[in-house]
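Notes to accompany the following structure.
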Amino acid sequence: MNLLSRFLPRTSFSSYEDFKQNYRLNVPVDFNFGYDVVDVYAAEAPEKTALIHYAADDTVTKYTFLDISRRSNQVAEMFRRRGVRKGDVVLMMMLERPEAWITIVALTKLGATVIPATFQLTPHDIVYRCDSAKVKYLAVADDDNIIAAVRGARAECKTVEGVFVVGDGTAEKYAGEFIDYRAEADKMPTVFVRPTGDEAAHNGDIMMIYFSSGTTGMPKMIAHNYTYPLGHITTAKYWQHVEDDGIHLTYSDSGWAKFAWGKIFGQWISGTAIVAFDTGRFHPEQLKRAINTLHLTTFCAPPTIYRFLIKEDLTDCDFSTIRHCCTAGEALNPEVYNRFKEQTGLEIYEGFGQTEGTVLIANYGWDPIKVGSTGKPAPLYDIQIVDPDGVRCEDGVVGSIVVMNAEADHPTGLFVEYKDDSAAMTKAWRQGFYDTGDTAWRDSDGYIWFEGRSDDVIKCSGYRIGPFEVESVLMTHPSVLECAVTAAPDPIRGQVVKATVVLARGWEPSDELRKELQNHVKKNTAPYKYPRILEFVSELPKTVSGKIRRAEIRRADSEK
């Protein structure tokens, strides 16, 4: 049983063209994910598996939709008795404890706003988020690093009334300091009556806020309304190909937007069970053990994870139950795609999107994959490539990726606003469209080829060089595990291409290897694109969601 037919007049399509033209989404009045998805499953298919928790010690625990419904009712009542009402804000740092899912469902039932946040936040980050969003409560995992950060921030968080801690025995451990989430929820009834009237959440109310990565300034508040989960049906069903009663693993912490993309909304609507991969720091061997144990149906991970996997021996990993793999977060290098397919027989279906929306562009499966292309536009959005004046580019011409008519015909799944940031709104929303800030070009078959962030394009001696192509060539060399290509200042050329490289296991930096990599690029793409500067590092700077912070590399080079 899945709920797709309750929101889609048609659920199957014969071709991409049929999908793009005829996909329709029925948005109910006052849709609420907690009541209209989780509680419906609990009533109609109570034993249906919703969540599979895979712990750091490799133990597995399953939760049904009835479990999630009842526990979220208890947690909703727990928050209500602490004064949380419609429109109040709760920030959660939950790792992948089952309570991450339960808390989101509980807060949607209350009509409150949840801010998922990463475990990597510093005290300064927490204070900034709490003050900006006027957070009323924190709900955090009992983790040493998270607790230390919360303690460092607590006194400066002016609007925060208390902190719930998820763990066993936290009442004694943090007596008088924090609230024991589990012990307090245990005391609450398992029935929670849906609010009505002024207390009920409406479609236009703010359900979720994500803070941006802050790579080019202070983090922005990206606000989504209560219809946001429905936009992710295309993400889950038609790009990730999740299956009713299947088992889906997206590799993501609960604080990242990829969690909303791959670990809760569209997946549960589509009827698949979700894996909570609650193991802490990434270890390829543990992921391989999980794949062998869980018999996954579908799998999604950022390119970083695939880059690590292809450097491992995968012969002892059983991919036979996995029917579909996909990736998003950064452009996927062709070498990674090819190597993974050679080792597993599986193709990787790339998608493109942002925290601001659902999947915008993807390989959906009707058309063959063109390796290196991010695919074709999603049906909910009018995606175009435009020049600086907003004029649509011809095929083959690089321009900005924009969502046309976004202001007049606001697509379900696209964010509502950068909350309390008029400057950011003015920059991104212009001439009636939403400018993603990313650049690409379209080929004659309608495939979109990603170039990079607008700020990432390198201008060297009159040439415009996209970093992705150079990075993709470098990735074909066996010594390269990861790399980032950026512009470095040059007194003669203005800018030159720089490559920052992390070497694979067994390789050591040397002048000889540097020259070999430079020649490798010259031989495999236009010679003017080769990196005149090549630096070896132990790791690349990344955002909390795993994206490479090229801006940080550029900033460091400009300050030298």
Side-chain angles (χ1 to χ4, degrees), residues 87 89 113 115-117 125 128-135 203-228 231 256-257 260 352-361 377-378 380-393 397-441 448 450-457 459 464 466 487 543-545 547 549-552 554-555 558:
V89 183
T113 300
I115 300 178
D125 296 328
Y128 175 77
R129 283 157 175 75
C130 288
D131 287 353
S132 297
K134 299 178 176 57
V135 170
N203 285 351
D205 294 332
I206 301 304
M207 184 196 80
M208 180 172 280
I209 293 174
Y210 276 104
F211 277 77
S212 66
S213 300
T215 55
T216 57
M218 295 303 290
K220 301 184 288 289
M221 288 189 284
I222 301 168
H224 288 280
N225 66 27
Y226 268 73
T227 68
Y228 176 56
W256 303 346
F352 164 81
Q354 301 176 308
T355 304
E356 285 85 346
T358 59
V359 68
L360 298 178
I361 305 167
L380 290 175
Y381 303 96
D382 180 6
I383 303 290
Q384 298 294 337
I385 311 297
V386 304
D387 66 17
D389 296 322
V391 178
R392 298 183 186 186
C393 296
V397 177
V398 174
S400 297
I401 304 172
V402 304
V403 181
M404 303 295 290
N405 305 314
E407 212 162 28
D409 304 318
H410 199 101
T412 302
L414 189 64
F415 77 121
V416 177
E417 62 177 340
Y418 293 120
K419 187 172 173 56
D420 300 332
D421 195 337
S422 58
M425 287 295 291
T426 299
K427 181 179 179 181
W429 293 79
R430 54 192 180 91
Q431 302 177 53
F433 60 74
Y434 165 62
D435 189 339
T436 66
D438 291 289
T439 60
W441 57 277
I448 307 297
F450 184 79
E451 283 284 309
R453 294 291 296 173
S454 301
D455 295 338
D456 289 340
V457 175
K459 300 168 186 175
R464 288 174 59 87
T543 68
V544 294
S545 60
K547 295 180 182 179
R549 293 173 60 100
R550 293 172 182 81
E552 186 173 319
R554 290 197 302 269
R555 185 164 53 249
S558 67

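If you read the sequence from its start, that first residue is 1, and numbering goes on from there.
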Checklist entry - Is there a side-chain contact (heavy atoms from CB on, under 4.5 Å) between K419 and I209 once you walk through the steps? => result CA-CA 9 Å; K419 187 172 173 56; I209 293 174; 4.0 Å; yes
Checklist entry - Which pair of heavy atoms, one from R430 and one from P388, lies closest together, and at what distance? => result NH1-O, 3.6 Å
Checklist entry - How many angstroms lie between atom CG of D420 and atom NZ of K220, to the nearest 0.5 angstrom? => result 14.0 Å
Checklist entry - Per the side-chain contact (heavy atoms from CB on, under 4.5 Å) rule, which among V397, V398, I401 passes with I385? => result I401
Item to check | Candidate pair I115 and Y210, rule side-chain contact (heavy atoms from CB on, under 4.5 Å), full reasoning | outcome: CA-CA 6 Å; I115 300 178; Y210 276 104; over 6 Å; no
Item to check | Main-chain N/O of V89 paired to T113 side chain as donor or acceptor, under 3.5 Å | outcome: no
Next on the checklist: Quick check: F415 with Y434 (ring centres under 6.0 Å apart)?
Outcome noted: yes
Checklist entry - Going through the distances and angles, do F211 and S132 end up as a side-chain contact (heavy atoms from CB on, under 4.5 Å)? => result CA-CA 10 Å; F211 277 77; S132 297; 4.1 Å; yes
Item to check | Results of side chain to side chain donor-acceptor pair (under 3.5 Å) for Q384 - residues two or more places apart only | outcome: D382
Item to check | Side chains of T358 and Y228, donor plus acceptor under 3.5 Å | outcome: no
Item to check | D438/Q354 under side-chain hydrogen bond (donor to acceptor under 3.5 Å, both in side chains): CA gap, chis, key distance, verdict | outcome: CA-CA 10 Å; D438 291 289; Q354 301 176 308; 3.2 Å; yes
Next on the checklist: Testing the basics here: between C393 and G399, what is the closest heavy-atom pair and its distance to 0.1 Å?
Outcome noted: SG-CA, 4.0 Å
Next on the checklist: Taking side chain to side chain donor-acceptor pair (under 3.5 Å) as the definition, give me every residue that meets it alongside D421, ordered by chain and number, with sequence neighbours left out.
Outcome noted: none
Next on the checklist: So does D409 get a backbone contact from the side chain of N405, meaning a donor-acceptor N/O pair under 3.5 Å?
Outcome noted: no
Checklist entry - Going from CD1 on I222 to CG on L414, what distance comes out if it is rounded to the nearest 0.5 angstrom? => result 10.5 Å
Checklist entry - Any sub-3.5 Å donor-acceptor pair from D435's side-chain atoms to G437's backbone N or O? => result yes
Item to check | Stepwise side-chain contact (heavy atoms from CB on, under 4.5 Å) check, V403 with Y381 | outcome: CA-CA 6 Å; V403 181; Y381 303 96; 3.9 Å; yes
Checklist outcome for this item: Which of M425, M221, H224, E356 passes side-chain contact (heavy atoms from CB on, under 4.5 Å) with E417? It is M425
Item to check | Partners meeting salt bridge (Lys or Arg N to Asp or Glu O under 4.0 Å) with D205 (sequence neighbours left out) | outcome: K86
Next on the checklist: Give me the atom names and distance for the closest heavy-atom approach of R129 to P219.
Outcome noted: NH2-CG, 4.0 Å
